[in-house]
Number of protein chains: 2
Amino acid sequence: MVNQEAKTPRERYRAQVRTEIKQRAWEQIATAGASALSLNAIAKQMGMSGPALYRYYGGRDELITELVREAYRSLADTFRAASQEGADVAGLAHTLREWALRDPQRYFLIYGTPVPGYHAPDDTTAISSEIMAMILDACAALPADGPETRFEAHLAGHRDWAAGHPAPPAVLHRALTFWTRLHGVLSLELAGQFTGMGFDPALLYAAELADLTGASTN
Amino acid sequence: MVNQEAKTPRERYRAQVRTEIKQRAWEQIATAGASALSLNAIAKQMGMSGPALYRYYGGRDELITELVREAYRSLADTFRAASQEGADVAGLAHTLREWALRDPQRYFLIYGTPVPGYHAPDDTTAISSEIMAMILDACAALPADGPETRFEAHLAGHRDWAAGHPAPPAVLHRALTFWTRLHGVLSLELAGQFTGMGFDPALLYAAELADLTGASTN
DNA sequence: CGCGTTCGTTAGAAGTTATAACTCGACGAA
DNA sequence: TTCGTCGAGTTATAACTTCTAACGAACGCG
């Protein structure tokens, strides 16, 4: 992180402008969504005119890619901080929800509707598996239950994505359901699909979490 | 459906052009996503120039709204056909996955990342609750299990969204988890988040479904 | 047969991303 | 200190987009 430490004053200025651009981009994304991000508007806000931004980012796609990377990095760091403070599965779930609610568009930037043409850079998948590793660690601490399912038998032969993590198939399964179930509730909530339905999404989230952790605190 | 039956030849022509516009829009959405939908490109494909489309749709938003409505209508009709052929919860789940995989962008148009400014028209929420009613019917046929959870106690007092459906809170809960869990797997699969992980998403979907229906066919 | 409604056109305004060419300032070396 | 180079920001321009306005022409109804 600190290896990029301000050689020349020019590079320092350049880095500062780049982070200001990113900051304005985040503000704009939070209010109008990623699809409405306008380089022109950012430039105007910063007091300089359109094409100046191309000195700092090759184009709209490159800026968005940087924001995606930053979002992944933020989630991974948040997870790491939580798990270093001893967060278990429930703690990670709570952390995830907090992180998502803090900036829904940032969540959607990672887990939302993909743009057909766009391909995420390679390093994001590295961060993604870093996140998955922490989920796996937390899930490994849960008590085992039930006989092996068909899907777990399948996972025993397809565990490349675990990146060498020494978890039994049941734990792999639990990590995947942790991901998909919490994402299911969270994404629908953030998309506003529950508005007007009357119930409290937090309680549905808690119910799913309770089911994941063994259903004792239901 | 047939009440809009061709009064004057002009209206017939008008309706035909409208459906052709929608058809081209669907093709374009399927390949490039909803955000890349271009009225100009549609007009050019149809051999007429830009502003002509404004005779048929008030603008981009109005066209997309129509597509959203059509997507909802398609899902509801597909569900209705399945449930009239005696589909149970597993049948509905299978139907949902088939429908989503047939055109992922259509699924995302309904359940994907929302555009902050945009508000869905009222009739879509009507279709949405029509869909939910069928899920509730299917879930009511499942055997009951376990004691009442905290969330189900909460649902007992917040059941307006069920629109008068006479289902006990446990069934309401099951219908919601049917929705959120299947959406969790499905949306991540369609977004390509599982690509490169090696396992078969269909088996994860099946595992979630098995857990929903009582876990006997696991 | 005429006349009005409606369709499709071109022209244009106000946006967008992105490239090219130019000016000017700052920084480092002789 | 002077000079040369590099880079930041500028304007101009191209190629897009949505969308409005005004015009011509064709179609169909009375």
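Both backbone and side-chain heavy atoms feed into the values below; hydrogens, waters and symmetry mates do not. All chains are named by letter (A, B, ...) in the order of the sequence lines, taking the proteins before the strands, and each is independently numbered beginning at 1.
Distance Ile42(B) CD1 to dT18(D) C1': 12 Å, rounded to the nearest Å. Rounded to whole Å, the distance from CG on Leu39(B) to C1' on dT20(D) is 14 Å. If you measure from atom CD of Glu11(B) to atom C1' of dT5(C), you get 12 Å, rounded to the nearest angstrom. When rounded to the nearest whole Å, the span between OH of Tyr57(A) and C1' of dA8(D) equals 16 Å. The CG atom of Leu37(B) sits 11 Å away from the P atom of dT17(D) (whole-angstrom rounding). The interatomic distance linking Arg18(A) (CZ) with dG7(D) (C1') rounds to 15 Å, in whole Å.
Among the protein residues, Tyr56(B) comes within range of the sugar-phosphate backbone only, with heavy atoms under 4.0 Å from sugar or phosphate atoms but none that close to a base.
Contact annotation: Tyr13(B) does not reach the phosphate of dG28(D) (side-chain N/O to OP1 or OP2, under 4.0 Å). In terms of phosphate contacts, Tyr54(B) brings no side-chain nitrogen or oxygen within less than 4.0 Å of OP1 or OP2 of dA21(D). Residue Arg14(B) places at least one side-chain N or O closer than 4.0 Å to OP1 or OP2 of dC7(C).
Residue pairs meeting the salt bridge (Lys or Arg N to Asp or Glu O under 4.0 Å) criterion with at least one member in residues 100-112 of chain A: none, sequence neighbours excluded.
Every residue meeting the side chain to side chain donor-acceptor pair (under 3.5 Å) condition with Glu189(A), not counting sequence neighbours, appears here in chain and number order: Arg97(A). Here Trp26(A) pairs with Glu70(A) under the side chain to side chain donor-acceptor pair (under 3.5 Å) rule; sequence neighbours left out. With sequence neighbours left out, Ser187(B) forms a side chain to side chain donor-acceptor pair (under 3.5 Å) with His183(A). By the side chain to side chain donor-acceptor pair (under 3.5 Å) test, Arg174(A) is found to be paired with no residue, residues two or more places apart in sequence or in another chain being considered. Among residues two or more places apart in sequence or in another chain, the side chain to side chain contact (heavy atoms under 4.5 Å, CB included) test is passed with Ala87(A) by Ala82(A). Residues passing the side chain to side chain contact (heavy atoms under 4.5 Å, CB included) test with Ala126(A), sequence neighbours excluded: none.
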N/O contacts under 3.5 Å, protein versus nucleotides 9-15 of chain C?
| unit_1 | atom_1 | unit_2 | atom_2 | d |
| --- | --- | --- | --- | --- |
| dT9(C) | OP2 | Ser49(B) | N | 2.8 |

Please tabulate, one pair per line, all N/O donor-acceptor pairs under 3.5 Å involving side-chain atoms of residues 40-62 of chain B, not counting sequence neighbours.
| unit_1 | atom_1 | unit_2 | atom_2 | d |
| --- | --- | --- | --- | --- |
| Arg60(B) | NH1 | Leu37(B) | O | 2.6 |
| Glu62(B) | OE1 | Gly58(B) | N | 3.2 |
| Glu62(B) | OE2 | Gly58(B) | N | 3.3 |

Using distance only, find each side-chain donor-acceptor pair of residues 194-205 of chain A under 3.5 Å and give its atom names and separation, not counting sequence neighbours.
| unit_1 | atom_1 | unit_2 | atom_2 | d |
| --- | --- | --- | --- | --- |
| Thr195(A) | OG1 | Gly192(A) | O | 2.7 |
| Asp200(A) | OD1 | Ala202(A) | N | 3.0 |
| Tyr205(A) | OH | Ala93(A) | O | 2.8 |

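For the side-chain contact (heavy atoms from CB on, under 4.5 Å) test with Arg181(A), the passing option among Val185(B), Asp211(B), Thr180(B) is Asp211(B); the others fail.
End-to-end axis angle of the helix from dC1(C)-dG30(D) to dA30(C)-dT1(D), using five pairs per end and rounding to 10°, comes to 0°.
Within residues 59-69 of chain A, the residues that place at least one heavy atom under 4.0 Å from DNA chain C are, in residue-number order, Gly59(A), Arg60(A).
A salt bridge is defined here as a Lys NZ or Arg NE, NH1 or NH2 lying under 4.0 Å from an Asp or Glu carboxylate O, and Glu66(B) with Arg69(B) meets this definition.
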